[in-house]
Amino acid sequence: MKNNRFHALQQAQNREEVLVELPSVKVSDYFASMVFHDEVMQNYMPSDVYKSIKNAIKNGTKLDRSIADQVASSMKTWAAEKGANSYTHWFQPLTGATAEKHDSFFMPTQNFKSIEIFGGDALVQQEPDASSFPNGGIRQTFEARGYTAWDPSSPAFIIGRGNGKTLCIPTIFISYTGEALDFKAPLLKSMAYLEQAALPVVNMFDRHATKVVATLGWEQEYFLIDEALFYARPDLVLSGRTLIGHAPAKGQQLDDHYFGTIPDRVYQYMLDLEQECHQLGIPIRTRHNEVAPGQFELAPMFEEVNVAVDHNQLLMDVMDRVAKRHKLKVLLHEKPFAGVNGSGKHNNWSMSTDTGKNLLSPGKTPRTNLLFLTFFVNVIKAVHENADLLRACIASAGNDHRLGANEAPPAIISVFIGDHLQKVLDEVVSKVKSGKLNTEKSDELKLNIHNGIPDVMLDNTDRNRTSPFAFTGNKFEFRAVGSSANCSLPMMILNTIMANQLTEFKILVDKHIKSGDDKEGAVLKVLKTYIESSRNIVFEGDNYSAEWAKEAAKRGLSNVKTTPHALDFFISKKAKETIVKTGILNERELEARYEIFHENYVKKVQIEGRLIGELALDYVIPSAIEYQNKLIQNVTGLKGIGAKATSYKTQMTIIDTISEHISAIYSNTEKMIEARKKANTIHHMPDKSKAYCDIVIPNFELIRKHCDKLEQLVDDESWKLPKYRELLFTK
Ligand code: ADP
Ligand code: MG
């Protein structure tokens, strides 16, 4: 095979769409058929066992061992009936991916007899040999062991691959000393903390609520490309993004892909994926084409945050597996292609009570509207106080290419609330200032606050697609999260800052009440000070504009564009007060994460550096020389027949231009290698990752520029790497 690109193109173009066989029943007939959910539990467990486990889930109490044995036994019976013969603790180490280590239910007894067994011990706790997971130094100092512990609040499920089926038990991952080695343990803590802080506030308005949960509805963006073309691009295979590639004549400028007809192959893929997701209880409801060619999105119905996080992690796995059946590759990288949009994972976040109230949904009565305003304003205030932490928690090597690339929210954190709510807040301020609140309370509460919000709201919000953190009618949408990210971290931060904020709020309100204010008056007074003190974080304009960057600087908002610098916010005094003092992470856990995120950044950039060197030297330059030789042959031939110099003038120019680009590529690659060597002499973080960011990465663009020029210049036949046009438009 002389040129792999053409071979790949031929394969891609000759693909038949793989028709998916759909069950002849409704989705609701098989939804969650592979999940050990509430109804299944009731059917498979004695009622006292069922009650104990429900109680443990609701109140976070410990399960008795004998109860755990019975739970395990019923889980095994159910799983065996579904055809599973092994189980795994399923966890989320700090790699960002999920991890599993399968064990068999089968257990030999005596004389070659055997049984199927799954006891409470195996359900509750496991000790995977996990010494190779990132731990940021936590496990070297004490004990090398890591434990997974069952999280009963997220239901077990069965993953099937071909005929093999495995029972998966969601777990947290902790060290021998109890420190979190994963994303989930701190998320669970933050949920409990939020509940504890939010409930007293909710109870001021609704005495019947006994539970508050954070809810998450993620929207997952992704690219799909043909498998053969994917494998013909070493950069996509190893780094998930194209490191070189000239922009195609047509990109997304015609906006003809967005919400367009879904291509046939992709549609079959989506049906296949959704079917598998539905069996796993992932409530996917929405699918559509996204802005960039080859880009798509899917979104579920929102769920309680930890289940939603698990479902998103699971989804990313399933997406990849299902794609294989369709000879497609899913790209979850934040910026697989320069010049067209990258991918995000909007995190729609809200809170709700067990009395069925969404706390960020404007109510119809004065009382419920004040509840809404309370939570709404406290979110704004929390973001105002902790914008830097929110910036840090979405930082990754991939997301750096997206934030601020004039297509995704910028690296400046701000909140969009829309004109209508802005007016409502202004009114709160002026009413409180006028000081009439205590005397005419119920009338005062009618302000504009209580009239018309629900109706106008849905029309008036969500117009601003450029905001990193937008109020969209009944939830906040954190749009700056990267497409490959584990949602746990941003959710953990949001829960935590909100909990801190609500705690402070309640103290202030109580103070006012003590000094004689009635409840409504006290609430409005505190809200008024919050509205005033957090004005700086609210921005309604175009977040992509240069004016906003200037304005934000004036307002004192941070604009940190790269990961190694943004990560510094994690170890600031403020972050420690927010995260460590509240016990969500201890100091070592926080520092370990800081270390791991830097390491991860360095490794990713290191891989990209090696790759771009390899592409330049092994693919681009040889292609250019091949074409140059053709030109030389042509010139030699023309000279041989005595042609005039003018007839090979253009060829000579191209020959020279090619040489210039080759030499520029070569010298910039050398420079990049030198920079890498220099960065590698630094051994501690964050200096090392900052060196990679500040002195290694800038060379990538220089190398790329000349490679892309050559792509344009070199004859199509000599070019070895699939082009953007082919990657993005082969359907
Ligand atoms: P879009 O933002 O594209 O207009 P939707 O309004 O349908 O789309 O919402 C997108 C996501 O927001 C969905 O996953 C949806 O479930 C989620 N969502 C809606 N309400 C809430 C809520 N109260 N809490 C968390 N997520 C929510
Ligand atoms: Mg949205």
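Counting convention: from 1, in listed order, for ligands and their atoms alike. In what follows, residues are counted from 1 in the order of the sequence shown.
Neither the backbone nor the side chain of H346 comes within 4.0 Å of ligand 1, counting heavy atoms alone. Residue-level proximity to ligand 1 for R285 is absent, since no heavy atom of it falls below 4.0 angstrom. Contacts of T215 with ligand 1, taken as heavy-atom pairs under 4.0 Å, involve both backbone and side chain.
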(request) For side chain to side chain donor-acceptor pair (under 3.5 Å), just list the numbers for T215 and E303, CA-CA rounded to whole Å, side-chain angles, deciding distance to a tenth of an Å, and then say yes or no. (result) CA-CA 5 Å; T215 50; E303 300 172 282; over 6 Å; no
(request) Before giving the answer on side chain to side chain donor-acceptor pair (under 3.5 Å), spell out for E290 and N341 the whole-Å C-alpha distance, their side-chain angles and the decisive distance to 0.1 Å. (result) CA-CA 9 Å; E290 254 305 323; N341 276 12; 5.4 Å; no
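A heavy-atom distance below 4.5 Å is not found between the side chains of S352 and L359.
Looking at ligand 1, you won't find any N or O of A299 less than 3.5 Å from one of its N or O atoms. Of the polar atoms of W349, none of the N or O atoms is found under 3.5 Å from an N or O of ligand 1, judged by distance alone. Considering backbone and side-chain atoms together, N348 places an N or O closer than 3.5 Å to an N or O of ligand 1. The shortest N or O to N or O distance between L216 and ligand 1 is not below 3.5 Å.
When the heavy-atom distances from atom 14 (O) of ligand 1 to P300, A470, S361 are ranked, the shortest goes to P300. Nearest to atom 5 (P) of ligand 1 by heavy atom, out of R479, E303, H288, K475, is K475.
Ion pair E274/R287 flagged as a salt bridge, since at least one NZ, NE, NH1 or NH2 atom sits closer than 4.0 Å to an Asp/Glu carboxylate oxygen. Using a cut-off of 4.0 Å between Lys/Arg side-chain N and Asp/Glu carboxylate O, K357 and D206 are scored as not salt-bridged. Ion pairing between R535 and D426 holds under the 4.0 Å rule for side-chain N and carboxylate O.
Counting non-hydrogen atoms of other residues, nucleotides and ligands closer than 6.0 Å to OH of Y267 gives a total of 12 or fewer.
Residue S350 approaches ligand 1 through these ligand atoms, each under 4.0 Å from one of its heavy atoms: 22 (C), 23 (N), 24 (N). Within ligand 1, counting atoms from 1 as listed, the ones closer than 4.0 Å to a heavy atom of N358 are 23 (N). With ligand atoms numbered from 1 in the order given, ligand 1 contributes 16 (O) to contacts under 4.0 Å with heavy atoms of M301.
The six-membered or imidazole ring of F157 lies near that of W90, with a centre-to-centre distance under 6.0 Å.
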